[in-house]
Colleague: 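My questions all concern the structure below.
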Amino acid sequence: MILKALYDYYHRSGELPTMGMELKEIGFIIVIDKCGNFLRFEDRRIDKKSAQKFLVKKSVGRSSAPVANYLYDNSQYVFGYSDKGDMESMRKYFDTFKAKVEEIYNMFSDNETIQAVYAFYQQEPSDMVEAMQNDSLWDDINKNLNKKYSTFSFLIDGDTEIVASKRELINLETSGNYVDGSLCLVVGKHAKAVEITTATMIPGSQATAKLVAFQVNSGYDSYGKSKGYNAPISEEAEFAYTTALNHLLRSDSHNKFMVGSRTFLFWASSHSEAAKESEDSLFALLGRAEEDYDDPNKRIKLVRDTFMSIYTGKLVANKDDKFFILGLAPNSARIAVVYWNELPLREFAGLISKHFMDMEIVDTRKDKKPYVGLHYILGNVTLGGKSSDATPNLPDAVVKSIFQGLPYPASLFQACIRRIRAEQSVNIVRAAIIKAYLNRLNDNNQNKKLDIMLDKENQNQGYLCGRLFAVLGKIQEDANGIHSIRERYMNAASATPATVFATILNLSTHHLEKLNEGKQVFYEKLKQEIISKLDADGFPAHLDLQDQGRFFVGYYHQRQEFFIGKENKETE
């Protein structure tokens, strides 16, 4: 199912490398003359994490035995050097790459380019390294040998195209073992099966990590078959799905987002306008961390409008259009699939729209900014304020809730309550999280749902206590310009109201005396309006965790109502 969706993505893309080729990051170029003499290194890195990409022959799958790539590879293969071992221990890798060069030379012996590379390999690796160590780039190369971009190829001095990209040297005929009667499990046709699949590295994984792999003699072999022949995938299908996967995983991809150690990929099944808009919008919603740009939510309104348009039919989606989400995590030598979802595009748009509606809450700030981006949500429930600090399983759970319309995880709600208690601060994001969690959790419950803004008809005891606490805090703020009630009593008031409200009500009486008569009357009426709705027994002795959440939303709603009232007065 996953492989078929990736296979289809490759064939509809139209811009990916043809069969047998791939775009490969190559960070360093070895420049040689036509006689094979080393001249210098060229640095092809773009930044600290990436390098220029070249169209080269597809990389080989590797297990324990050395196998060389086609005129490009790492330092162990190209010049027998590693920062973790002596050169003699690297000899087997060097000899393998040298044999590959000789094999290519025998096929294209009249080609001047391969003649130069062949001449380069008529010397010992120690002599190569000795010459290279005098180059100004050597120290930098030596420090970065384990980076993804630390791949080497050749350039003939005066030429503009690296050796590994020269099509006249590349024979795209496939070779390898063939199991008669192998039925490709991806496309359902009999074809030559691959023995080892291509590496599809994700952040945090080994460079050789694969989505599909079989460990030899580990209980996975059956019917006398080994490696990839246990679950045959044709060469064409394997090339298509691995190329598509690596394309989605590229550093500048707009079809992925990262949360902690998890990598999530997403794509639509067609080229329709609705499909394209949905991909772009989901990246804007989830694809960037809060530190990546100044305003982390500047495109969220456009995102919301896009998904609402798809859901309502204003932006037409084909009935067969689907949306795919794939979650991956590093796991030893393999890649673990931690999430997979496939659903109609319009249904997916409805689920994203529901997330927007559930998270919507009153905002009186002048520069109103939506707050439903994943990184923004996670960052507001962590100590450091960054999504990367969230507990390991929380991001997965939140993503699942958004993509499947399920209740938001209890761990998100609990983390939000903890941050409020630690900071005595109920900001717009935290209030929205609590509202969304409680409303989804109580979809089929008799508890009244929380509104976007102040609900004077809501008689939940926690909500009323939160409103009253906001009033008492505002009285002190108007009277003295300080917030000591919030700082000293918020935690106790939200958990055990009966223990503190008598004290802070008494304090508010003294604070009221400092206000003018008009404000005294206003606040006294507001206090009595709220108190009159409390149970006859008085303030609750204890609020459960859900009602503590309602307390904080009630507090937030009432605070925002004061600002709305102020704005209305200023416009009159």
Colleague: Could you tell me the separation between the CG atom of Leu265 and the CG atom of Asn255, rounded to the nearest 0.5 Å?
Modeller: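 The CG atom of Leu265 sits 8.0 Å away from the CG atom of Asn255.
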Colleague: Measure from the side-chain N and O atoms of Ser234 to the backbone N and O of Ala191, and report whether any donor-acceptor pair falls under 3.5 Å.
Modeller: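 No, because the side chain of Ser234 does not come within donor-acceptor range (under 3.5 Å) of the backbone of Ala191.
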Colleague: Would you please classify the geometry between the Phe403 ring and the Phe257 ring as parallel, tilted or perpendicular, with 30° and 60° separating the classes?
Modeller: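 Geometry flag for Phe403 against Phe257: perpendicular rings.
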Colleague: Can you find a heavy atom in the side chain of Ile352 that is under 4.5 Å from one in the side chain of Thr306?
Modeller: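 They are not in contact (no side-chain heavy atoms under 4.5 Å apart), so the answer is no.
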Colleague: Using side-chain heavy atoms (C-beta onward) and a distance below 4.5 Å, is Lys100 in contact with Ile104?
Modeller: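 In contact.
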Colleague: Please state whether the rings of Phe323 and Phe348 are parallel, tilted or perpendicular, taking 30° and 60° as the class boundaries.
Modeller: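 Phe323 vs Phe348 ring planes: parallel.
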Colleague: Do any N or O atoms from the side chain of Arg262 and from the backbone of Val338 form a donor-acceptor pair under 3.5 angstrom?
Modeller: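 Checked: no pair found.
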Colleague: Going by the angle between their ring planes, with limits at 30° and 60°, are Trp267 and Trp340 parallel, tilted or perpendicular?
Modeller: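 Trp267 and Trp340: tilted rings.
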Colleague: Whether the Gln560 and Thr364 side chains hold a donor-acceptor pair (N or O, under 3.5 Å, no angle test) is what I'd like checked.
Modeller: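 There is such a pair between these side chains.
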Colleague: Below 4.0 angstrom, N of the basic side chain to O of the carboxylate: do Asp140 and Arg45 qualify?
Modeller: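 So Asp140 pairs with Arg45 through a salt bridge.
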Colleague: Do any N or O atoms from the side chain of Asp389 and from the backbone of Gly385 form a donor-acceptor pair under 3.5 angstrom?
Modeller: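 A pair under 3.5 Å: no.
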Colleague: Please report the closest heavy-atom contact between Gln76 and Ser82, naming both atoms and the distance.
Modeller: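 For Gln76 versus Ser82, the nearest heavy atoms are CG-CB, 3.9 Å.
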Colleague: Taking NZ, NE, NH1 and NH2 as the nitrogens, is one of them in Lys49 or Asp47 under 4.0 Å from a carboxylate oxygen of the other?
Modeller: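 Looking at Asp47 together with Lys49, the answer is no, because their closest N to O distance does not fall below 4.0 Å.
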Colleague: Do Tyr93 and Asn74 pair up side chain to side chain, a donor and an acceptor below 3.5 Å, judged on atom types alone?
Modeller: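 On atom types as modelled, these side chains do not qualify, holding no pair under 3.5 Å.
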Colleague: Would you check if the side chain of Asp73 reaches a backbone N or O of Val78 as a donor-acceptor pair within less than 3.5 Å?
Modeller: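 No; zero donor-acceptor contacts below 3.5 Å.
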Colleague: Testing the basics here: between Ile434 and Cys416, what is the closest heavy-atom pair and its distance to 0.1 Å?
Modeller: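 So the two residues come closest at CG1-SG, 3.9 Å.
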Colleague: If you compare all heavy atoms of Ser270 against all heavy atoms of Asn318, which two are closest, and at what distance to 0.1 Å?
Modeller: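 Shortest heavy-atom separation between Ser270 and Asn318 comes out as OG-ND2, 4.5 Å.
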Colleague: How about Arg167 and Met21: do any of their side-chain heavy atoms sit closer than 4.5 Å?
Modeller: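 Answer yes - side chains close enough.
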Colleague: Treating Thr312 as the side-chain partner and Met308 as the backbone partner, does any N or O pair qualify as donor plus acceptor under 3.5 Å?
Modeller: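 Yes, Thr312 side chain to Met308 backbone: donor-acceptor pair under 3.5 Å.
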Colleague: Within a strict 4.5 Å, meaning less than it, do heavy atoms of the Glu161 and Thr113 side chains meet?
Modeller: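 Glu161 vs Thr113: side chains apart.
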Colleague: Applying side-chain hydrogen bond (donor to acceptor under 3.5 Å, both in side chains) to Ser272 and Asp321, what does each step give before you reach the verdict?
Modeller: CA-CA 8 Å; Ser272 69; Asp321 281 355; 2.9 Å; yes
Colleague: Please examine the side chains of Leu137 and Arg40, heavy atoms only from C-beta on, and report whether any two atoms are closer than 4.5 Å.
Modeller: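 Heavy-atom side-chain distance check fails, nothing below 4.5 Å.
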Colleague: Inspect the contact between Asp83 and Lys143 and indicate whether a charged nitrogen and a carboxylate oxygen are less than 4.0 angstrom apart.
Modeller: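 No salt bridge links Lys143 with Asp83.
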Colleague: So that I can tick it off, tell me whether Lys166 and Asp159 are bridged by a salt bridge, with the cut-off set at under 4.0 angstrom between side-chain N and carboxylate O.
Modeller: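 Here Asp159 pairs with Lys166 in a salt bridge, since their nearest N and O are under 4.0 Å apart.
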Colleague: Inspect the contact between Asp280 and Lys276 and indicate whether a charged nitrogen and a carboxylate oxygen are less than 4.0 angstrom apart.
Modeller: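 Salt bridge flag = yes for Asp280 with Lys276.
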Colleague: Indicate yes or no: does Arg430 engage Glu423 in a salt bridge with an N to O separation below 4.0 Å.
Modeller: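 Yes.
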Colleague: Sub-3.5 Å donor-acceptor pair from the side chain of Tyr556 to the main-chain atoms of Ala432, do we have one?
Modeller: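 Checked: no pair found.
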Colleague: Could you report the tightest heavy-atom contact between Ala164 and Ile170, atom names first, then the distance?
Modeller: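 The answer is O-CD1, 3.5 Å.
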Colleague: Looking at every non-hydrogen atom in both residues, tell me the closest pair between Val163 and Ser153 and how far apart they are.
Modeller: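 Taking every non-hydrogen atom into account, N-OG, 4.4 Å.
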Colleague: Could you tell me if Tyr437 and Gln414 have a donor-acceptor pair between their side chains, going purely by distance under 3.5 Å?
Modeller: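 Checked: Gln414/Tyr437 side chains show no N/O donor-acceptor pair below 3.5 Å.
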Colleague: Can you measure from CZ (Phe54) to CD1 (Ile29) and round to the nearest 0.5 angstrom?
Modeller: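 If we round to the nearest 0.5 Å, Phe54:CZ and Ile29:CD1 are 4.5 Å apart.
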Colleague: Would you say that more than 12 heavy atoms from the other residues, nucleotides or ligands in this model lie under 6.0 Å from the OH of Tyr311, or not?
Modeller: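 No - once you tally the heavy atoms of other residues, nucleotides and ligands closer than 6.0 Å, there are 12 at most.
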Colleague: Are more than 12 heavy atoms from other residues, nucleotides or ligands located less than 6.0 Å from atom NZ of Lys210?
Modeller: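 Yes, NZ of Lys210 has more than 12 neighbouring heavy atoms, counting only those of other groups under 6.0 Å.
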Colleague: Count the heavy atoms belonging to other residues, nucleotides or ligands that lie under 6.0 Å from NZ of Lys53, then report whether that count exceeds 12.
Modeller: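 Count over threshold, so yes.
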Colleague: Any side-chain heavy-atom pair from Ile325 and Leu343 closer than 4.5 angstrom?
Modeller: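 They are in side-chain contact.
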Colleague: Might you confirm whether atom CD of Glu273 has over 12 heavy atoms from other residues, nucleotides or ligands at distances under 6.0 Å?
Modeller: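 Counting other residues, nucleotides and ligands, CD of Glu273 stays at 12 neighbours or fewer.
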Colleague: Do Ile564 and Val362 have side chains that approach each other closer than 4.5 Å (heavy atoms only, starting at C-beta)?
Modeller: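 Yes - at least one pair of side-chain heavy atoms lies under 4.5 Å apart.
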Colleague: ring-ring contact (aromatic ring centres under 6.0 Å, His included) for Phe324 and Tyr9? Distances and angles first, verdict last.
Modeller: CA-CA 10 Å; Phe324 307 99; Tyr9 177 82; 9.3 Å; no
Colleague: Would you say Gln404 and Tyr339 are linked by a side-chain donor-acceptor pair, where the criterion is simply a distance under 3.5 Å?
Modeller: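 A donor-acceptor contact under 3.5 Å links the two side chains.
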Colleague: Just by distance, do the side chain of His557 and the backbone of Asp451 share a donor-acceptor pair under 3.5 Å?
Modeller: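 Side chain of His557 to backbone of Asp451, a donor-acceptor pair under 3.5 Å: yes, one is there.
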Colleague: Considering all heavy atoms of both residues, which atom of Ala431 and which atom of Val426 are nearest to each other, and what is their separation?
Modeller: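 Of all heavy-atom pairs spanning Ala431 and Val426, the closest is CB-CG1, 4.2 Å.
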Colleague: Salt bridge between Arg12 and Asp8, side-chain N to carboxylate O under 4.0 Å?
Modeller: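 Not counted as a salt bridge, because no side-chain N and carboxylate O are separated by less than 4.0 Å.
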Colleague: With heavy-atom distances below 4.5 Å as the criterion, would you say the side chains of Lys435 and Ile452 are in contact?
Modeller: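 Lys435 vs Ile452: side chains touch.
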